[in-house]
Amino acid sequence: MTCRGRPKNPRRVECNPDILYFKPRGVKLIELEVVSLALEELEALRLVDLEDLQQQEAATKMGISRRAFWEDLKNARKKIALALTTGKAIEIKGGNYVDINNQKRSE
């Protein structure tokens, strides 16, 4: 099977959190369904909702187009809303990014 379109550019990410799981209180993680949030999706959310950047500014900071940024932001918000409204755990892991603090690439 061949992939169509351009390969996804790695996103530049500043925030690499120490805590990688969030879950409903009183329920064991093993009993929960998990929603995976990619690190670049978390970064998009952080830049717009915490740093109060406009989408174009945030996209430039991450080294991607505004459209690609919008997709990451939309996916992050949808995953978080799903987890919060249905009682799922949130796991932060993976993605296609470059950690600009350590200049380390992950995929």
Kindly indicate whether the side chain of [X], heavy atoms from C-beta on, has any atom under 4.5 Å from the side chain of [Y].
X	Y	answer
Leu45	Leu73	yes
Glu41	Lys79	yes
Met62	Phe69	yes
Arg77	Asp49	yes

Counting only heavy atoms not in Gln54, do more than 12 fall under 6.0 Å of its CD?
-> no

Report, as yes or no, whether the 6.0 Å neighbourhood of atom CD on Glu33 holds more than 12 heavy atoms from other residues, nucleotides or ligands.
-> no

Using 0.5 Å steps for rounding, measure from the [atom1] atom of [X] to the [atom2] atom of [Y].
X	Y	atom1	atom2	value
Ile92	Glu43	CD1	CD	11.5 Å
Asp72	Ile64	CG	CD1	5.0 Å
Leu37	Leu20	CG	CG	11.0 Å
Glu91	Leu29	CD	CG	8.5 Å
Leu39	Asn96	CG	CG	11.5 Å

Minimum-distance pair of heavy atoms, taken over all atoms of [X] and [Y]:
X	Y	answer
Ala38	Gly95	CB-CA, 4.1 Å
Ala83	Ile90	CB-CG1, 3.4 Å
Ser65	Ala59	O-CB, 3.7 Å
Cys15	Arg46	CB-NE, 3.4 Å
Ala58	Val48	CB-CG2, 4.4 Å
Leu42	Pro17	CD2-CG, 3.8 Å

Has the side chain of [X] got a donor or acceptor atom that lies under 3.5 Å from a matching backbone atom of [Y]?
X	Y	result
Gln56	Arg66	no
Arg12	Thr60	yes
Arg11	Asn9	yes

Shared hydrophobic cluster, Tyr97 / Ile19 (ILVMFWY, side-chain heavy atoms < 4.5 Å) | yes

Before giving the answer on salt bridge (Lys or Arg N to Asp or Glu O under 4.0 Å), spell out for Glu14 and Lys61 the whole-Å C-alpha distance, their side-chain angles and the decisive distance to 0.1 Å.
-> CA-CA 10 Å; Glu14 272 184 58; Lys61 195 165 187 172; 3.3 Å; yes

From the list Leu84, Ile80, Thr86, side chain to side chain contact (heavy atoms under 4.5 Å, CB included) with Leu82 holds only for Thr86

